[in-house]
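Note on naming: letters A, B, ... go to the chains in the order of the sequence lines (proteins, then strands), and numbering restarts at 1 for each one.
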Protein chains: 2
Amino acid sequence: MSNDKKDHILNVAIELFAEKGFEGSSIRDLAAKADVNVAMVNYYFGSKDKLFEALIEQKAGFMRGILDELRTNTSLTEIQKIDHIIEKYVDRFFSQPLFHKVLQQEVLVSQRASMHEHVIGLFVKNTEDVVAIIEKGIRKKIFRKVDPQLTFSSIVGTINHVMMSKTMCMKMLNKDPGYDPYKDEHFKKRLLIHLKQMIHAHLLINNDL
Amino acid sequence: MSNDKKDHILNVAIELFAEKGFEGSSIRDLAAKADVNVAMVNYYFGSKDKLFEALIEQKAGFMRGILDELRTNTSLTEIQKIDHIIEKYVDRFFSQPLFHKVLQQEVLVSQRASMHEHVIGLFVKNTEDVVAIIEKGIRKKIFRKVDPQLTFSSIVGTINHVMMSKTMCMKMLNKDPGYDPYKDEHFKKRLLIHLKQMIHAHLLINNDL
DNA sequence: AAAAATTAATCAAACGTTTGTTTAATTCAA
DNA sequence: TTGAATTAAACAAACGTTTGATTAATTTTT
């Protein structure tokens, strides 16, 4: 069982699904693009659906470890924790932009019910952890009385939105064709600064710039 | 040419595409759900692709009129204009949640190139208008020196994110199954208040709460 | 160490379905 | 009665999947 080949198929699948969607991609397309025989996909993964599950399983849950650590961490202030979460999310999205497009599709479309519920479950768990941090900040009177759930929605929503479409991002930033915003370290920094600035202004009672 | 029937097919198509995606929905599914003969879809629209184009064309561009008006409007302050834009966006998303899921899919997946470019073009135009308002606010020293493009991304991204999945939204808010957040006037108000609060804190130099 | 047996990987071809679309016949309305 | 609306049936193409044969690699037996 060559894991090299399995991984290769998975990586090509992410590219293909990110561009054409899961239902819009055929196994024949995938096999051709990955330069393997059509039968190999089913040989390795069992079915197209199971390939998709393997794909999601491999890379989802990326924030679990970080949020678990933050929950027991007592040395960081609440705003430091939020900053850290923002950094990790931006890092993750920029290092795996195509995978996150596939993940967004799965949240958006509820075709494969169990996978859909699974992905949403992961996200809801993340939300609960971040909400707990914000609520603690509020109790400590470091944070304003904001809406914790929607504050997290703004963080993830902003990143999601910027990562939705390379074309949109490019045109929004008045860049030439050929420019890839997701490989531009400067743009990543720009997004980070914006998010932190906005969330600080939103959360902090004493926000000395 | 009964427009009633055409509209009926389009409305059922929005429901179906929002749930299963465009590629995930077959014309037979659509015909059955709309209770018409399979051939009627091609009779009225020519093809599945053209049905989709008609669907997008009918409802996209919903912000054009509002933004055009705001561009020439001199009686509103910049922050009032931003508030107005937030209100109109939230209104629109809450009145057409399923359509906006379909629209998001189209931005996310670039399967049908020309339609994809068209939708993104509309959005980029909206961005330019909002950016212009924010930049004027900055020049007038009413607004902080924020990132105008990403500020707009945060507004749309927050709404988009909340509208992505009913299930996610429900679970995030700890609601029982059966609850529909998009029909809950209270939740709509909650989103509005959060967005305005956050954007005010972010933009305004003198933000007296 | 050589031969035999077993397992894993790969392939082209074919399977039965489902797909979007078209046809040709029929019903309906003006 | 004419043109539009509607239908069931049929179309080729594409779909995910399975098959049975073949090769390559590994393990077991002698």
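The closest side-chain donor-acceptor pair between A:H100 and A:N160, if any, does not fall under 3.5 angstrom. A donor-acceptor contact under 3.5 angstrom links the side chains of A:S154 and B:H194, judged on distance only.
Taking 4.0 angstrom as the limit, A:Y44 places a side-chain polar atom (N or O) nearer than this to OP1 or OP2 of C:dT10. Within the 4.0 Å cut-off from OP1 or OP2 of C:dA9, not a single side-chain nitrogen or oxygen of A:N37 is found. When the side-chain nitrogen and oxygen atoms of B:S26 are compared with OP1 and OP2 of C:dT19, one or more of them lie within a distance under 4.0 Å. At the phosphate of D:dC15, neither OP1 nor OP2 sits under 4.0 Å from any side-chain N or O atom of A:K48.
Candidate nucleotides D:dT6, C:dT23, C:dT19 were compared by shortest atom distance to the side chain of B:R28, and C:dT19 ranks first. Which of C:dT10, D:dG16, C:dT23 sits closest to the side chain of B:A39 comes down to C:dT23.
Judged by closest nucleotide on DNA chain C, A:D35 is the one of A:D35 and B:V38 placed further toward the 5' end. When the nearest nucleotides of DNA chain D are assigned to B:M40 and A:S25 by heavy-atom distance, the more 5′-ward of the two goes with B:M40.
Rounded to an integer number of Å, the gap from CG of B:D29 to C1' of C:dT18 is 10 Å. Between A:D49 atom CG and D:dC15 atom C1' there is a gap of 13 Å when expressed in whole angstrom units. For the pair A:F45 CZ and D:dG16 P, the computed distance is 15 Å after rounding to whole Å. Remark: P of C:dA29 and CG of B:D4 are 15 Å apart, rounded to the nearest angstrom. Remark: C1' of C:dT19 and CZ of B:F52 are 18 Å apart, rounded to the nearest angstrom. In this structure, B:I27 atom CD1 and C:dT19 atom P are separated by 10 Å, rounded to whole Å. Rounded to whole Å, atom P of D:dA8 lies 16 Å from atom OH of B:Y43. The CG-P distance, from A:L30 to D:dG16, rounds to 10 Å in whole Å.
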With side chain to side chain contact (heavy atoms under 4.5 Å, CB included) as the criterion, how do A:F45 and A:I9 come out once you've worked through the C-alpha distance, each side chain's angles and the decisive distance to 0.1 Å? CA-CA 10 Å; A:F45 297 97; A:I9 293 176; 3.8 Å; yes
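Of the residues listed (B:N11, B:L16, B:I14), the one engaging B:L98 in a side-chain contact (heavy atoms from CB on, under 4.5 Å) is B:I14, and it is the only one.
Figure legend: cation-pi geometry between B:K48 and B:F22, with NZ or CZ positioned under 6.0 Å from the six-membered ring centre and within 45° of its axis.
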